[in-house]
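The figures here come from the full heavy-atom set of this structure, side chains too, leaving out hydrogens, waters and symmetry mates. Here is how names work: the chains are called A, B, and so on, in the same order as the sequence lines, proteins then strands, and each is numbered from 1.
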2 protein chains.
Amino acid sequence: MYRKNLTERQYEILEFICRRIDKDSRPPTIREIGREFSISSTKGVFDHLDALEKKGWITKSSGEARGIQPIREKTEELFGKEEGLPIVGSVVAGGPTLAVENVEGLLELDEMFPNQEELFALRVDGDSMIEAGIHKGDILVVRQQPTADVGDIVVAVINDDKGTVKKLSRVDEEVHLKPANPYYDTIVRDPSEVEIRGRVVGVVRKM
Amino acid sequence: MYRKNLTERQYEILEFICRRIDKDSRPPTIREIGREFSISSTKGVFDHLDALEKKGWITKSSGEARGIQPIREKTEELFGKEEGLPIVGSVVAGGPTLAVENVEGLLELDEMFPNQEELFALRVDGDSMIEAGIHKGDILVVRQQPTADVGDIVVAVINDDKGTVKKLSRVDEEVHLKPANPYYDTIVRDPSEVEIRGRVVGVVRKM
DNA sequence: TTGTATACTAAACATAAGTTTAGTAAAATA
DNA sequence: TATTTTACTAAACTTATGTTTAGTATACAA
């Protein structure tokens, strides 16, 4: 067997279908597949599709035009999503191309930060969090939440003013917002004056 | 006129087509559109599609089943891509929801780092670049290139060994790879021993 | 007021595309 | 060795889908 219980022909055809969907935003017809692979009879293609369906790689909406629908979770694993950047664990000597064996995964925001509904991004203005690796111009990924734990880096609004990014801590009855920069002072306020808007869960920087 | 020279009906139908493509990876048929909008005659829908084509929002592959193809650049602008996180410039007081007026753009890797073919991502191992805001566990976005300028943060391989991330500089005839951490030493080598694999163009961190 | 654009119905038509029947041949499997 | 699976051809059939013809009604501009 060629790959994952598919014959070579089935693999080729499945790949063609997926590439066509990526390219044209619609699946090919049986005859279009036949043309691509020089299969003159529609039955020849039909049989391959039956096999692909039986093996769980596609579903066919019976009777509908362009009814082939690949099972995305499976085919994406097989052919890749054509999205994101390959993450490598280390760069080794050799040619200029990346060794595929070395690839750990794909860098993609969707995967890295799921639950996008709760997230927003915030451009950093000052340099008060520089020692936490947060620089001016960085974009923070923030999870919207009204409370946070001590030690979290939070986005907070003080006295209905502009938002600020600081490390949260509590002493006695007061909220402490600590910068990660020795040239800035800790902000100490009564809890009623501080409104937590979210917790920083990621940083994205373009250099 | 409703929006961008479209009538309300045309806008609705165009939106339906785009959402259907996003959802099902294929455009609807004329009759499917008719069903959605309770238009019993295919001609009713057909006329709308003609209007949409004349106004430059879609193309129709004449004679082909599911031949409607929206002009992506235009429709994405109209309906959004449903991808990425909204980037806000500042967080202001008020409700827990984000003010739309405040949104500067969308955070998406494709847009932030185009030319994906030349890019790869590298997981950072040590803490030698901590003062450059590069921490252990961060993922670097690296542009593959065999040379770099002085001052660039580069991924380099020394003596065919494991890759390292340092700031590039040159003194006399030698390559200096400078860490951004006072506890580490600058690596000084002959150019023949250093192979530059790429330049760091971004950082992504999950916290 | 006449024409043009919008927004449809109803019915017929043409064809693109899915499906089925009948059969061949080689390769893999039991 | 027999049987199943793979990989097709050829032709007919069905139907989903695109297209056209003929006509109604309203709104708007020239």
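- A cation-pi arrangement is present between A:Lys60 and A:Phe46 under the rule of less than 6.0 angstrom and at most 45 degrees off the ring axis.
- In terms of position along DNA chain C, the nucleotide closest to B:Ala51 lies nearer the 5' end than the nucleotide closest to the other residue of the pair B:Ala51 and A:Glu64.
- Put simply, the side chain of B:Tyr183 does not reach to within 4.5 Å of the side chain of B:Asp127, judged on heavy atoms.
- A sub-4.0 Å separation between OP1 or OP2 of D:dC8 and a side-chain N or O of A:Ser40 is absent.
- Contact annotation: B:His48 does not reach the phosphate of C:dT6 (side-chain N/O to OP1 or OP2, under 4.0 Å).
- Taking atom CG of A:Asp50 as the reference point, atom P of D:dT5 lies 13 Å away to the nearest angstrom.
- The phosphate of C:dA7 has OP1 or OP2 within less than 4.0 Å of a side-chain N or O from B:Thr7.
- In this structure, A:Arg66 does not reach the C:dG18 phosphate: none of its side-chain N or O atoms is under 4.0 Å from OP1 or OP2.
- Residue B:Thr42 places no side-chain N or O under 4.0 Å from the OP1 or OP2 atom of D:dT17.
- Within the cation-pi definition used here (under 6.0 Å to the ring centroid, within 45° of the axis), B:Lys74 does not qualify as a partner of B:Phe79.
- Counting any heavy atom pair closer than 4.0 Å across all strands shown, A:Glu32 reaches no nucleic acid atom.
- Within 4.0 Å (heavy atoms only), A:Arg31 reaches at least one base atom of the nucleic acid.
- Overall bending of the helix from C:dT1-D:dA30 to C:dA30-D:dT1, expressed as the angle between end axes built from five pairs apiece, is 30° (10° steps).
- For A:Lys55, no side-chain nitrogen or oxygen approaches OP1 or OP2 of D:dT5 to under 4.0 Å.
- Contact annotation: A:Ser62 reaches the phosphate of C:dT19 (side-chain N/O to OP1 or OP2, under 4.0 Å).
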